[in-house]
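Throughout, numbering of the chain's residues begins at 1 and tracks the sequence.
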Amino acid sequence: MASGGAAGGAGHRRPAGEPDGPVRPGGPDRPGGSGDPAEGPGERAARTATDPAGSPDPLAAPRDTVLRALSDMSEGFLSVDDTWRISFANREAARILGAEPVRPGTRLWEVAALGVPGLEGQCRRAVAEGRPIGFDLTRPIHGRLYHLRLVPVPDGGLGISFVDVTDRRLREAGQPPGAPAGERAARMSELTLALAEAVTSKDVVRAVAEHVLPPVGADGLVVETLEAGRIRVVDSVGYNQRFLDRVDGLPLSDHTALADVLRDRTPLFVGSADEFVELYPKLEYLSDNSPSAAWAFLPLIVSGRATGSLVISFAEPRSFSEDDRTLLTALSGLVAQALERARLFDVEHTRAQGLQRGLLPRTLPSLPAVSAAARYLPAGRGDEVGGDWYDVIPLSGDRVAMVIGDVMGHGITEAATMGRLRTAVRTLADLDMDPDELLTHLSEIVGDLGYDYYATCLYAVFDPVTRICSYALAGHLPPVLVHPDGTVRSPDVDIDPPLGAADPPFEVHELRLPDESLLVFCTDGLVESQDRDADQGMALLRQTLAAAVTRTGYFTPYEATDTDTGTGPDTDRPTGTGPRAGRLDELCDIVVSTMLPDHARISDDAALLIAHTRSTPTCDVASCSLPEDPRAAGQAREYVRSQLDVWGLDDLVMSTELLVSELIGNVVRHARGPIRLRLMRSRSLICEVYDGSLTTPRIRRVGQTDEGGRGLHLVAALSRRWGTRFLADGKCIWTEQDLPGKP
């Protein structure tokens with residue numbers, strides 16, 4: 001309902017004889033019924049044609065005479081029975097609408113030429129109110145505009161006549177402003193155009209508010225749909241939230257006014273609050289909570305189904321003229337068609353966005369070496385989803401992989417492809433592949449999808465011990481580096497072709513990062529637009545980052561607290577946790593608002609990922625070289641005892657000794673040197689054993705009588721995680737153990 005009062009209508013009708021309120025169908029006072037002195041020859045002919053034998057009118061002509069007269073009329077004429085099936089059509093109607101579509105027995109709504117929004121509502125209103133209704137079709141037939149006259153008959157049928165008014169309406173279009181016919185035509189034309197451009201349900205409501213409320217002097221409207229027998233408010237104008245909350249979710253059976261309107265599919269016009277309460281006393285609480293004083297309750301009918309209601313409200317009591325009723329009924333038909341189309345879009349778009357959100361990380365991890373924050377902005381047109389993605393992936397040895405990519409194109413298919421690539425990246429990253437090798441595998445995956453699939457990607461790996469970030473580019477923009485002193489630069493490197501189009505190998509680039517620096521990654525939607533190319537956009541991004549770092553005092557020293565987690569409240573704005581996570585969020589917001597000030601009008605998706613990198617303190621890393629003989633295990637145990645004593649990790653001495661003994665023993669027995677042991681104290685205790693062999697250690701099944709083969713079972717039992725990564729000159733077997741007192 002609009003602006004308050006009753007959000008729907010039916011159930012009771014105003015008794016006959018009260019002209020401004022709803023009229024109960026039938027009864028001796030029904031216009032066009034028996035004994036109506038105002039009935040004209042056309043109405044009598046229509047009534048006789050649909051029910052000649054049952055008419056008590058002494059002037060009724062014999063059936064054959066009436067049908068011959070109607071057949072030869074210069075105007076088109078149809079008659080329908082109480083099931084809305086055509087019972088008669090004259091020659092002119094067959095010429096206008098087509099002989100086959102108007103054969104007897106065809107339902108009126110199945111005639112393609114009459115598939116005009118609002119026609120069903122007008123027909124039902126004519127029958128319900130028991131009086132003739134005339135209106136222009138809102139869509140020409142064969143280039144000609146027709147005026148329809150609907151004449152109800154006693155048996156519930158209807159006579160419909162067609163008059164060509166094309167020339168008359170063209171003349172009326174030249175009338176001075178304020179001419180009723182010209183105004184109505186203009187309103188219908190403007191609303192039709194606005195509804196055709198509406199994409200979402202809210203767009204439809206805005207179009208109605210702009211093009212319907214001012215011309216009819218209304219000040220409120222609400223659009224409601226039915227879901228599982230309950231009323232759901234789509235959107236409204238002129239309502240307070242308290243009232244909408246009372247209506248939204250209300251069972252249809254409790255809202256007798258709306259139930260009647262949807263059951264009868266007939267508009268209801270209520271001229272005052274007193275009249276509404278008289279008709280629906282149980283709904284007085286709705287009227288009391290509404291500032292409105294008059295309402296038009298219009299059913300939304302699509303393909304013979306009542307899908308919801310459009311309620312237009314007025315601040316002052318009023319009577320509804322025939323022009324008002326006809327115009328509003330016709331408008332409701334246009335709105336019903338547009339809303340149905342928009343709701344289908346809303347459902348599909350919501351599913352698509354849900355799919356995309358489900359494929360992107362809900363939160364980004366805060367790791368010892370990296371804290372990160374990200375933003376994803378879908379294209380402002382709102383009709384499609386895209387294929388941009390990003391991720392932060394923990395690797396062994398406290399290293400971190402950072403990835404950002406963009407599947408070319410928009411739509412569900414591209415979003416699904418993005419999900420496949422993101423999953424593939426995480427799987428390949430877990431194998432500790434170098435950036436060039438990972439992009440090679442990823443390009444093969446894209447190539448297998450077909451010739452029409454391409455994607456850009458940047459994959460980077462940051463090692464906090466060496467402070468080196470190695471990365472490879474497949475058609476993607478390079479990263480931007482922000483130094484702790486506020487200096488911003490972007491490396492000048494060659495970019496390999498996109499995934500699916502590139503031939504390996506990919507080139508690996510390296511950046512040596514200062515401690516506590518920022519790495520910024522983005523997709524082209526953030527920097528490119530109709531007004532700037534990629535180079536101009538990257539220059540603007542660097543300027544924006546320099547200003548944002550200064551403005552926020554990002555690198556200003558401060559004292560972190562246990563509660564400084566920086567977790568973002570919005571799951572669509574994932575963020576890491578850690579001392580500077582809150583400032584990272586602020587940086588992201590500044591960058592997005594500066595680069596894309598009018599987000600609603602951007603034509604491409606945009607993704608932004610900002611990572612704060614930290615190096616591992618030298619005091620938390622210890623390593624030693626070991627001989628290639630059985631003495632290596634003993635020396636390793638001694639080194640472990642000494643170093644863990646320095647770190648105060650005596651509780652881990654025994655388990656760590658067992659781990660390094662087993663790993664180094666395997667190297668001595670099955671691999672080759674040189675052998676090196678490295679210990680790292682981080683959120684966990686990391687033990688790494690390096691050797692010069694490319695053989696892969698595997699856990700194998702052992703029997704109860706086997707004398708060996710249980711070493712890696714012991715490693716797996718003592719470690720939280722363990723694995724192998726391969727290097728250019730050998731491999732590293734690593735383990736992670738939880739620190740005492742750490743979760």
Which residues satisfy the salt bridge (Lys or Arg N to Asp or Glu O under 4.0 Å) test with [X], sequence neighbours excluded?
X	result
E322	R125, R131
R107	none
R422	D391
D203	R206

With a 4.5 Å heavy-atom cut-off, do L608 and Y390 have their side chains touching?
-> no
Min side-chain heavy-atom separation D245-Q241 under 4.5 Å = yes
Please enumerate all residues that pass side-chain hydrogen bond (donor to acceptor under 3.5 Å, both in side chains) together with [X], with sequence neighbours excluded.
X	result
T417	none
D164	R144, T166
T523	D388

Residues D248, R230; criterion salt bridge (charged side-chain N to carboxylate O under 4.0 Å, His left out); working and verdict = CA-CA 8 Å; D248 192 36; R230 292 183 176 272; over 6 Å; no
Minimum heavy-atom separation for [X] and [Y], please, with both atom names.
X	Y	answer
A209	P214	O-CD, 3.3 Å
V302	A336	CG2-O, 3.4 Å
V205	S236	CG1-N, 4.2 Å
L328	A296	CD1-CB, 3.9 Å

Would you confirm whether R375, through its side chain, and D585, through its main-chain N or O, come within 3.5 Å as a donor-acceptor pair?
-> yes
Return yes if some donor-acceptor pair links the side-chain N/O of S332 with the main-chain N/O of T329 below 3.5 Å, else return no.
-> yes
Separation between [atom1] of [X] and [atom2] of [Y], rounded to the nearest 0.5 Å:
X	Y	atom1	atom2	result
L300	L334	CG	CG	11.0 Å
L268	F276	CG	CZ	8.5 Å
I231	E224	CD1	CD	5.5 Å
R124	I133	CZ	CD1	13.0 Å
S292	F243	OG	CZ	8.0 Å
E129	L150	CD	CG	11.5 Å

Can a salt bridge be assigned to the pair K282 and D254 using a cut-off of 4.0 Å between side-chain N and carboxylate O?
->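 A salt bridge is absent here (no side-chain N lies under 4.0 Å from a carboxylate O).
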Taking only residues at least two apart or on different chains, which pairs with a member in residues 295-316 satisfy salt bridge (charged side-chain N to carboxylate O under 4.0 Å, His left out)?
->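 Sorted pair list: R305-E340.
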Can you sort out the partners of [X] under side chain to side chain contact (heavy atoms under 4.5 Å, CB included), two or more places apart, ordered by chain and number?
X	answer
M595	L526, V527, R532, L540, L541, T544, V591
P317	S272, A293
E227	T225, R232, R343
S321	D323, D324

More than 12 non-hydrogen atoms from neighbouring residues, nucleotides or ligands closer than 6.0 Å to CZ on R420, yes or no?
-> no
Do the rings of F320 and F314 sit parallel, tilted or perpendicular, given the 30° and 60° boundaries?
->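 If you compare the ring of F320 with that of F314, the planes turn out perpendicular.
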Looking only at side chains, do T83 and D81 share a donor and an acceptor under 3.5 Å apart?
-> yes
